[in-house]
Amino acid sequence: MKMNRTGVTQLLQQVAIEDSQIPCIKMQEFNAWFDKNQVLKDINLQFNLHQINCIIGPSGSGKSTLLRSINRINDDITSFKHQGEILLKGINVLADHDVTAIRKQLGMVFQKPCVFPNSIRENILFGLQFDNTYSLQQRQTIMEDKLKAVALWNEVQQRLNSPATDLSLGQQQRLCIARTLAVNPQVLLLDEPTSSLDPVSSRAIEDLMLQLKDRYTIIFVTHNILQAKRIADRLIFMCDGQVIEQGNKEQLFNNPAKQQTWDYLNNEYCNC
Ligand SMILES: Nc1ncnc2c1ncn2[C@@H]1O[C@H](COP(=O)(O)OP(=O)(O)O)[C@@H](O)[C@H]1O
Ligand SMILES: [Mg+2]
């Protein structure tokens, strides 16, 4: 679907979050390379609303590249090339669109909490700072709502003007998720968001995902098999740039179709 840059912004605004008839994200025959090194091979996947889709697989299997292709962060790398389609509610996000409009729909959270050296308030409202359509009161409401959504409000409401860097790592990661939610995305892309956190903070993020899936499509990369077992609805097992197997969590854990899936889920062993 080809359209001009203004067109995509309007179209994306019209896409109803509740419309679960269309897969929220669909990747079709997607291939990607860094120079001549093919790192994603014939990826066909779909991600639906109200689901936590966990992508697991050994290091170097292409999980981050896949996630970063969806919100087009890889565009900034000159050696990156791709073929195929990634559809957000039927709109090809890889076409010549306004990338900022696309990225607003596809919020990303990284492995290490990445707070800016500003106040908690400025961090939350970062994505809205150049948007004059929000009044001061609306900004306040968004800030409070999103901090409550990530269960951080009670901990920080008395110190909204304090530096975000003073928060613990677990709190910082929840702040990053709140900042992502503040621009009202449809999809949350999380790349090993708990790997630098202690077990208690990790569990808090997992609980948060279980609550947020009511409103978002969640794509959650983890190398932690037990974490995937706790939170996934759907599981995608990747190895060497390919999707080896995908399906419901129960199916992959209890009755996988491929020996490689069984080996990885039970022994963290992979011979792809
Ligand atoms: N910026 C880059 N330039 C060149 N190669 C890259 C770049 N980023 C990732 N790769 C390569 O792409 C492959 C997949 O990496 P990645 O997506 O990070 O895997 P994972 O997240 O599963 O560990 C690896 O071989 C990695 O070396
Ligand atoms: Mg990675």
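Basis for what follows: all heavy atoms, side chains included, without hydrogens, waters or symmetry-related copies. We count ligands from 1, going down the list as the structure has it; atoms in each ligand are counted the same way.
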Enumerate the atoms of ligand 1 whose separation from the nearest heavy atom of Ser61 is less than 4.0 angstrom.
-> 19 (O), 20 (P), 22 (O)

Closest protein heavy atom to atom 14 (C) of ligand 1, given as residue, atom name and distance to 0.1 Å = Gly60 O, 3.5 Å

Glu144 vs Thr141, side-chain hydrogen bond (donor to acceptor under 3.5 Å, both in side chains): CA-CA, chis, key distance, verdict | CA-CA 5 Å; Glu144 191 173 327; Thr141 306; over 6 Å; no

Ligand-side contact atoms (ligand 1) for residue partner Val39, heavy atom cut-off under 4.0 Å = 12 (O), 13 (C)

Nearest non-hydrogen protein atom, atom 22 (O) of ligand 1 = Lys63 NZ, 2.8 Å

Provide the number and element of each atom of ligand 1 under 4.0 Å from a heavy atom of Ser59.
-> 23 (O)

Going by atom types alone, do Gln38 and Asn31 pair a side-chain donor with an acceptor below 3.5 Å?
-> yes

Counting backbone and side-chain atoms alike, does Ser64 have an N/O/S atom under 2.8 Å from the Mg ion (ligand 2)?
-> yes

For Thr65, counting its heavy atoms only, list the atoms of ligand 1 lying under 4.0 Å from any of them.
-> 14 (C), 15 (O), 16 (P), 17 (O)

How close does the nearest protein non-hydrogen atom get to atom 6 (C) of ligand 1, and which residue and atom is it?
-> Phe34 CD1, 3.3 Å

Taking atom SG of Cys114 and atom CD of Gln173, what is their separation to the nearest 0.5 Å?
-> 9.0 Å

Are any non-hydrogen protein atoms located under 4.0 Å from atom 27 (O) of ligand 1?
-> no

Applying a strict 4.0 Å limit to heavy atoms, is Gly62 in contact with ligand 1?
-> yes

Pair Asp240 + Lys41: basic N to acidic O under 4.0 Å = yes

Under-4.0 Å protein heavy-atom contact, atom 9 (C) of ligand 1 = yes

According to a 4.5 Å side-chain heavy-atom criterion applied to Ile, Leu, Val, Met, Phe, Trp and Tyr, with indirect links allowed, do Ile236 and Leu106 form part of one hydrophobic cluster?
-> yes

Does NZ or CZ of Lys229 lie under 6.0 Å from the centre of the six-membered ring of Phe253, at an angle within 45° of the ring axis?
-> yes

Does any donor atom in the side chain of Gln227 or Glu206 lie under 3.5 Å from an acceptor atom in the other side chain?
-> yes

Run the numbers for me: atoms of ligand 1, each under 4.0 Å from some heavy atom of Ile77, listed by number.
-> 1 (N)

Element-labelled atoms of ligand 1 that are located less than 4.0 Å from some non-hydrogen atom of Pro58 = 22 (O)

Same cluster or not: are Ile124 and Ile205 linked, directly or through other Ile, Leu, Val, Met, Phe, Trp or Tyr residues, by side-chain heavy atoms under 4.5 angstrom apart?
-> yes

Atom 18 (O) of ligand 1 - nearest protein heavy atom and its distance = Ser64 CB, 3.8 Å

Determine the interplanar angle of the Phe237 and Tyr264 rings, folded into 0 to 90°, and report it as parallel if under 30°, tilted if 30 to 60°, perpendicular if over 60°.
-> parallel

